[in-house]
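Take a look at this one; I'll ask things after.
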Amino acid sequence: MKEVYSALSKREKQLLYILLVFLLVMAGWFFAIKPSLENYRKQKNLLSQKETTLAELKSQLTQYQNAPSQLAAQTQTYKSLTKKYYKVLKNEKISEMFTDEIKSANLTPTNLTISDAQDDVSSSNNTSNSSSSSSSATSTDTQAASSTNAKLVTKYVDVTVNGKIDQVSDLLQNIEGDTKSVGVTGLSYTPASTSSDTKSEDSFTIQFAVYMIKK
């Protein structure tokens, strides 16, 4: 081996050295540096994943810690809404409530119909010659109800009564004073017959909106 090496020219020896250095560098790259870089990338990705998991856990922990106060706030909000709005009433209860008010105003009821509950409390189902309701569910209340996993619903009550305008005025005032979430959404009037053979009274058709909270 020495004879072979001694027989090499100076240039060939330099080239051999360069080749050896190159081989050493490549061996170092493949067997030391490259594995270390790959391991570094894996550890970096793993660290990033753990940091993400840690952030999620911290967020969940914060939510868990805030849960009692959030529940208390939701409970208070719901109680406030139930003071302002009826809980969902059955049609029999609504019919009884309006019949009592109509009789209290000395009006004669001739018809009473109640719609199904509707979720869109902001919509109006007004009849002709309607007047705006002074009591209505607001978008703020709708959002508040939603935050408590509840929602506001509306039932429309159409009543037809016979009587005088003063009695109708008393009815509306009584409704406003005796109820907490009922508004007038429509009012129409049919005058009494002027025929001498028939004795009749003025007829009024009134539409009420009953706003209720549903859990």
Side-chain angles (χ1 to χ4, degrees), residues 73-194 198-215:
Q74 289 180 358
T75 301
Q76 184 60 40
T77 299
Y78 182 73
K79 286 182 178 179
S80 299
L81 289 171
T82 55
K83 290 179 180 179
K84 186 175 181 180
Y85 297 97
Y86 289 112
K87 292 183 180 180
V88 175
L89 300 174
K90 293 182 178 180
N91 287 357
E92 293 80 4
K93 180 63 177 178
I94 295 175
S95 177
E96 179 184 349
M97 178 175 67
F98 278 95
T99 300
D100 289 344
E101 293 291 353
I102 291 169
K103 290 180 177 179
S104 178
N106 296 317
L107 290 164
T108 304
T110 60
N111 186 55
L112 189 151
T113 59
I114 303 172
S115 73
D116 293 332
Q118 301 180 22
D119 291 346
D120 186 8
V121 297
S122 62
S123 64
S124 65
N125 189 23
N126 297 351
T127 58
S128 58
N129 303 323
S130 64
S131 60
S132 299
S133 168
S134 60
S135 173
S136 61
T138 65
S139 59
T140 301
D141 289 341
T142 301
Q143 294 173 358
S146 178
S147 71
T148 65
N149 296 320
K151 62 180 178 180
L152 296 178
V153 298
T154 307
K155 284 188 178 182
Y156 292 97
V157 182
D158 291 280
V159 299
T160 301
V161 296
N162 291 338
K164 299 178 180 179
I165 186 65
D166 292 342
Q167 294 170 319
V168 172
S169 178
D170 290 340
L171 171 64
L172 299 181
Q173 289 179 6
N174 292 342
I175 291 289
E176 182 177 358
D178 297 341
T179 62
K180 59 181 177 180
S181 57
V182 177
V184 179
T185 58
L187 174 64
S188 62
Y189 161 70
T190 303
S193 173
T194 57
T198 306
K199 184 179 180 180
S200 64
E201 295 179 298
D202 295 337
S203 177
F204 301 86
T205 299
I206 312 167
Q207 184 183 78
F208 297 94
V210 182
Y211 302 100
M212 298 169 290
I213 186 166
K214 182 178 181 181
K215 191 69 172 176

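Keep in mind that what you see is a predicted model, and the values were worked out from it rather than measured.
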Residue among D116, L89, N91 satisfying side-chain contact (heavy atoms from CB on, under 4.5 Å) with K155: N91
Distance, nearest 0.5 Å, that separates CG of L152 from NZ of K214: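 These two atoms lie 12.0 Å from each other.
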D141 side chain to Y211 side chain, donor-acceptor N/O pair below 3.5 angstrom: no
Rounded distance [0.5 Å steps], OG in S181 versus NZ in K84: 9.5 Å
M212 CE to I94 CD1 distance, which is reported to the nearest 0.5 Å: 4.5 Å
Ring geometry between F204 and Y189 (parallel below 30°, tilted from 30 to 60°, perpendicular above 60°): tilted
Donor-acceptor pair, side chain of T160 and main chain of T110, under 3.5 angstrom: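 Absent.
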More than 12 heavy atoms from other groups under 6.0 Å of NZ on K87: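 No, because the 6.0 Å sphere around NZ of K87 holds 12 heavy atoms or fewer from other groups.
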Spatial distance of atom CG (N111) from atom OG (S203) [nearest 0.5 Å]: 9.5 Å
side-chain contact (heavy atoms from CB on, under 4.5 Å) partner of Q207, the single match among L187, V184, D158: D158
Side-chain heavy atoms of N149 within contact of Y78, under 4.5 Å: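 Of all side-chain heavy-atom pairs linking Y78 with N149, none is under 4.5 Å.
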Nearest non-hydrogen partners of I213 and A145, listed with the distance: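 Here I213 and A145 meet closest at CD1-CB, 4.5 Å.
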Taking only distance into account, with no hydrogens and no angle test, what donor-acceptor pairs under 3.5 Å do side-chain atoms of residues 95-108 form with protein atoms, sequence neighbours excluded?
{"unit_1": "T99", "atom_1": "OG1", "unit_2": "S95", "atom_2": "O", "d": "2.7"}

Rounded distance [0.5 Å steps], NZ in K164 versus CG in D170: 11.5 Å
Inter-residue atom distance Q167.CD - N162.CG, 0.5 Å rounding: 10.0 Å
Expected output: side-chain T77 to main-chain A73 donor-acceptor under 3.5 Å: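 It does hold such a pair.
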I165 and D202: CA distance, side-chain angles, deciding distance, side-chain contact (heavy atoms from CB on, under 4.5 Å) verdict: CA-CA 8 Å; I165 186 65; D202 295 337; 6.0 Å; no
Y85 side chain near V153 side chain, heavy-atom distance below 4.5 Å: no
Beyond-backbone contact of S80 with Q76, side-chain heavy atoms, under 4.5 angstrom: yes
Minimum-distance pair of heavy atoms, taken over all atoms of T154 and A209: CG2-CB, 3.9 Å
Main-chain N/O of T148 paired to K215 side chain as donor or acceptor, under 3.5 Å: yes
